[in-house]
Number of protein chains: 2
Amino acid sequence: MISQKAKYALRALVSLARIEQPGKALFISDIAEEQSIPKKFLEQILLDLKRHGIVVSKRGKSGGYLLLKPASEITYGEVLRIIDGPIAPLPCLSRIAYRRCDDCLDETACEIRQVFARVTEATRDVLDKTTIADSLASAEGLPDPALVD
Amino acid sequence: MISQKAKYALRALVSLARIEQPGKALFISDIAEEQSIPKKFLEQILLDLKRHGIVVSKRGKSGGYLLLKPASEITYGEVLRIIDGPIAPLPCLSRIAYRRCDDCLDETACEIRQVFARVTEATRDVLDKTTIADSLASAEGLPDPALVD
DNA sequence: CCAATACTCTACTAATTCGATAGAGTTTAC
DNA sequence: GTAAACTCTATCGAATTAGTAGAGTATTGG
């Protein structure tokens, strides 16, 4: 399960991506209301995204947030790594947060590592290739996805 | 990230799957030692797997655990669902534990749901098709998997 | 020029989950 | 009939999650 925080982050980016006029910013409070996100919580999230170069902010009376790069260049993968940390299901498979499993004697012979390496590859193949712009486009008119477990 | 508990469960099943003689059981303490798993913790895990029909136990002096069905019929997916719960990254995508996102107005129009539906499909495609027997076979002699994030 | 508005930053907190540990009970073999 | 091994329930400390609180800083419209 991805965290609530990551869901909020992605939805906030969708809101920002929907703006037509270039240079137009959205207030935190507007995004919060539109997406039903607690405002103070969203503040932290946007700040985090800003520090990682996903969005920019303007301060003061007519401030707000806007995307730093086009929505078509912001992948789900990078947002999730910022908010939730590594995507890999085992620490010994993560690039950004590699850690040896302390109970694993020989990593290359680890039976379950091989399996989860394939899982991660498949996951990454979706998350690192899908952008905020992609999800905007496909938002409406699609068949309901199958429930999977 | 999958839980430590799930890792232990899968490794315990690997130990049980390696037994050659049919009908031969392993003590909890033997599995615990072989896989460096805290014994009391492993007790709970095996009990849980037993309740879900993955393993069987014999009590008393020459007791122990053994697989209820062949290793080739135990998938990673079913073990993970037992130990860690739903595989789907959003509650609104889970069959076994479906829950509406309370901040989501229209589920079928939810932008991020569509993306994670594809993630889950890909994940499931690996986990529900890979068995304990598969991972045993591939344990040795494989190239090191690429680190993925 | 100043007060209102909006972003910034740090700290705190309540609830839950995770990774165990503890200990008493039950079954079986020898 | 006792020792060995599984069974069951409870508890616990640490970490994480999902927020709240509040003081501070930058802009700007009037």
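Below, chain A is the first sequence line, B the second, and so on; all start at residue 1.
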By nearest-heavy-atom nucleotide on DNA chain D, the more 5' of A/A6 and A/G60 is A/A6

Result for 5'-nearest mapping on DNA chain D, choosing between A/D84 and B/G64, is B/G64

From C-beta outward on [X], which listed nucleotide comes closest to its side chain: [options]?
X	options	answer
A/R51	D/dA3, C/dC9, D/dT7	C/dC9
B/E43	C/dG23, C/dC7, D/dG19	C/dG23
B/K5	C/dT8, D/dC6, C/dG19	C/dG19
A/K40	D/dC8, D/dG22, C/dC7	D/dG22

Between [N] ([atom2]) and [X] ([atom1]): distance, integer Å:
X	N	atom1	atom2	value
B/L49	D/dC8	CG	P	14 Å
A/L47	D/dA23	CG	P	19 Å
A/K58	D/dG29	NZ	P	10 Å
B/K39	C/dA22	NZ	P	13 Å

Indicate yes or no for a side-chain donor-acceptor contact from [X] to the backbone of [Y] under 3.5 Å, with no hydrogens or angles considered.
X	Y	result
B/S135	B/I132	yes
A/R124	A/D128	no
A/D48	A/I45	no

**Asked** Hey, does the side-chain of B/R59 have a donor or acceptor N/O within less than 3.5 Å of a partner on the base of C/dT28?
**Response** no

- Query: Does B/Q44 get its side chain close enough to the base of C/dT21, under 3.5 Å, for a donor-acceptor pair?
  - Reply: yes

Hey, does [X] reach any base, or is it just sugar-phosphate, or nothing, if we go heavy atoms under 4.0 Å?
X	answer
A/I28	sugar-phosphate
A/K7	nothing
A/F27	sugar-phosphate

Between A/L67 and the options A/L26, A/I19, A/L13, the side-chain contact (heavy atoms from CB on, under 4.5 Å) test singles out A/L13

Looking only at heavy atoms, the pair that brings A/K7 and B/C101 closest together is NZ-SG, 3.7 Å

